[in-house]
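Presented below is the structure to which this report refers.
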Protein chains: 2
Amino acid sequence: MTRGTGRGKTPAAPRSVDVAQVAGVSQKTVSRVLNGERYVSEDVRRRVLDAAEQLGYRLNSAARALASGRTRTIGVVALGTALYGPASLLIGVERAARDAGYALSVVNTLEGDPGGVGGAVQSLLERGVDGIVVSEPIDEGAVPLASEVPVLALGAPAGAGTPASAIAAGVDSVELARAATEHLLDLGHRTVHHLAGPQKWFAARDRQAGWRAALTAHDREQPAVVEGDWSAASGYEGGRRLAGRSDLTAVFAANDDMAVGLIRFLTEAGLRVPEDVSVVGFDDIPLAAYVLPPLTTVRQPFDDVAREGLRLLVHAIENPDAEPPAPQSQPVELVVRASTAPPASRSTPVRTRQASPNPDGEAHSPPAV
Amino acid sequence: MTRGTGRGKTPAAPRSVDVAQVAGVSQKTVSRVLNGERYVSEDVRRRVLDAAEQLGYRLNSAARALASGRTRTIGVVALGTALYGPASLLIGVERAARDAGYALSVVNTLEGDPGGVGGAVQSLLERGVDGIVVSEPIDEGAVPLASEVPVLALGAPAGAGTPASAIAAGVDSVELARAATEHLLDLGHRTVHHLAGPQKWFAARDRQAGWRAALTAHDREQPAVVEGDWSAASGYEGGRRLAGRSDLTAVFAANDDMAVGLIRFLTEAGLRVPEDVSVVGFDDIPLAAYVLPPLTTVRQPFDDVAREGLRLLVHAIENPDAEPPAPQSQPVELVVRASTAPPASRSTPVRTRQASPNPDGEAHSPPAV
DNA sequence: ATGAAAGCGCTAACAA
DNA sequence: TTGTTAGCGCTTTCAT
């Protein structure tokens, strides 16, 4: 195999030997400079860098990976959803990885795909990643997170379903959910209903647990939970199930999208938000402040979570033996807007309109503003 | 360097030679089987696969990449935003790449980072990617898309600013925007105002061009464009600038988020949507059907776009010389919901309320429902 | 249809 | 502080 030195179209990319030759040093020295190792004179360093620049040299990371056994790549197993939470986490992970000098290889698992996570992890290992991030894992029986590289479970509670070898990081969703629920209780509501996320998500369970904890702490009744799938559509449907309850004055929805769907249903059913029913969401999506009414919600510091998780992962990669550094907890931030109010303001219903049968409102019916 | 055969913790991963030995064939034959090459007897194939399974063999893709010069990896340069459009495109790209047998390496560029795209492309080339996708490129002077591998500009119009070597794919945003605008004209509005996206985005320019084309075709007046930054917040601000116009009965917003912010402002300003002002968005985000009023918008087939773009890219990677296959165009889909209506219905203003000074509505003001 | 040998471009160990 | 020598685990010629 001749390196296309002939007059082919591509003039063969320069290698580190070429740089070495131009700089008048050995190839190993070039390697030293490129890796920032110690014991290189400033003079030599300059010459090497100049030569590299002059030749337009670019490191071949496949060769480096083969020789070193490391790829400086972190694999991410994500869910392949454009939901605000997962998407934000992915962005945070990418940024943190890049800052730490790692590239990112992303594999999505279709939800419901059996063995999806396992297969994704396998393909990443084949790719030689140095570490793996499983973002927003869902609990589908045994998750095969055990592997020869460190694994970060982003959004899973430590211990729950994850093997001890895995690192866990995330916000304390339980605490956030509790804060959301208590906000409603503080406003004077007797109890708070819950529109939950799909229970195979750890995130959904945590939020439900936080809601339950708040009610328990205040010794309130715990209404039956209605479960959605995170979508606004399911929030709308959830509204249909909740609207009939006689003690419905406050709802904690497990995410903002469902809260929006819920509000739409309640509004169409003639219930005013927040006069008749208060609603709290979760996430603080960018639209939350601009829907009508502006949504009271709980902010998730996705960027901080991703950054913190990656710090732990990179530490585990680069110090295989050392104790993991102490995780830092993230601050709770409740954002109070206009979708919550004291229950007292239940006066006379203003409008009474039937909920439209088609949630899309494709028809030109007068809008509910 | 001894392959950790000593009694270290890790028992050294099996290599293809090991598989060959177990199967009783040469190492090259193992390679043949693994790559699905022809001329391997069914018997040998079986033996090799069994041996591989038995040993728990996993291909070392760094070695493969070094030897073959190909990584079977596609690099993606994305914008690092959780906006629905870019996020959806990324998901589509990942799926399509995986289906085609390619892994994905993702690099985000912070918007406003000078030379961001260039640097990202460099790092991907260093990583040895076989092709590059630049998602939702923005026009910041010369985009250095020229490179030794095929580049797909996803969301850029063919030709505009992209070198000839690049492949372009995307929806025909101009056509979609024209359709949105014509929907409003068809309803009887004399003209349509435009809340545009940031003009350095190709997507924003295309939508504006489509809007202008529709007005020109119908010989209508073209009101001054108000520019936002895609966010609901900027839509709200845009509303402040638009609300004073005397002929404001219809607005085409360049994306759904801005439309939502705009509607919020108009509502607070005492203008009803759609009775006083009709609003059309762009994207059809999942929430579009559930905000109040449900948003008339134009659907972008992100998944189709990504799939089609990747088809072209993979073709270019695997057939460097061949002509590119003909791109398929995507269907226009206008989703009519409740935020648009004929202008005639302008009757008597019902409420007249000042726009609140704080867009977040943190106060417990009665909601605008 | 299968095998032998060479080498991809780098880093790791050991010298000097 | 710098250089020498071996591989890393595959794919690629070229034989057979």
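Residue numbers start from 1 in every chain, and the chains themselves are labelled A, B, ... in the order their sequence lines are given, proteins ahead of strands.
Contact detail for A62(B) and A65(A): the closest heavy-atom pair is CB-CB, 3.7 Å. When every heavy atom of S105(B) is checked against every heavy atom of T73(B), the shortest pair comes out as CB-CG2, 3.9 Å.
Donor-acceptor pairing under 3.5 Å is recorded for the side chains of S16(A) and Q27(A).
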When you look at V106(B) and E94(B), which way does the side chain to side chain contact (heavy atoms under 4.5 Å, CB included) test go after all the steps? CA-CA 10 Å; V106(B) 178; E94(B) 193 278 338; over 6 Å; no
Do L124(A) and V149(A) pass the side chain to side chain contact (heavy atoms under 4.5 Å, CB included) test, and can you show the C-alpha distance, the side-chain angles, and the key distance before you say yes or no? CA-CA 10 Å; L124(A) 288 172; V149(A) 301; over 6 Å; no
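The distance between atom NZ of K28(A) and atom P of dG7(D), rounded to the nearest whole Å, is 16 Å. In this structure, L66(B) atom CG and dA6(C) atom C1' are separated by 13 Å, rounded to whole Å. Atom-to-atom, CG of N60(B) to P of dG7(D) comes out at 18 Å; the value is rounded to the nearest Å. Per the geometry, CD belonging to Q21(B) stands 15 Å off P belonging to dG9(D), to the nearest Å. Summarising the geometry, the separation between CD on Q27(B) and C1' on dT13(D) is reported as 14 Å, rounded to the nearest angstrom. One can place CZ of R15(B) at 6 Å from P of dG9(D), the figure rounded to the nearest angstrom. If you take CZ of R127(B) and P of dC10(C), they are 14 Å apart, rounded to a whole angstrom. Atom P of nucleotide dC10(D) and atom CD of E126(A) are separated by 10 Å, given to the nearest angstrom.
Remark: R70(B) CZ is packed, more than 12 non-hydrogen atoms of other residues, nucleotides or ligands lying under 6.0 Å away. At most 12 non-hydrogen atoms from other residues, nucleotides or ligands lie less than 6.0 angstrom from CD of Q21(B).
Within the 4.5 Å cutoff, side-chain heavy atoms of N108(A) are placed close to those of R98(B). Between L79(B) and W201(B), some side-chain heavy-atom pair lies under the 4.5 Å cut-off.
Between S68(A) and dT11(C) there is no side-chain polar atom (N or O) within less than 4.0 angstrom of OP1 or OP2.
Within residues 29-37 of chain B, the residues that place at least one heavy atom under 4.0 Å from DNA chain C are, in residue-number order, T29(B), R32(B). The stretch residues 39-54 of chain B touches DNA chain C through Y39(B), V40(B), S41(B), V44(B), each having a heavy atom within less than 4.0 Å of the strand.
In this structure, V25(A) reaches the sugar-phosphate backbone alone: every heavy-atom distance under 4.0 Å involves primed, P, OP1 or OP2 atoms, never a base.
Which of dG7(C), dA12(C), dA4(C) sits closest to the side chain of A67(B) comes down to dG7(C). Comparing dC10(C), dC10(D), dA4(C) by their closest approach to the side chain of R64(B) singles out dC10(D).
Salt bridge status for R15(A) with D18(A): present, with a side-chain N to carboxylate O gap under 4.0 Å. We find that D50(B) and R47(B) are not joined by a salt bridge, their nearest charged nitrogen and carboxylate oxygen being 4.0 Å or further apart.
Over its length, the helix from dA1(C)-dT16(D) to dA16(C)-dT1(D) turns its helix axis by 20°, as judged from the five terminal pairs at each end, rounded to 10°.
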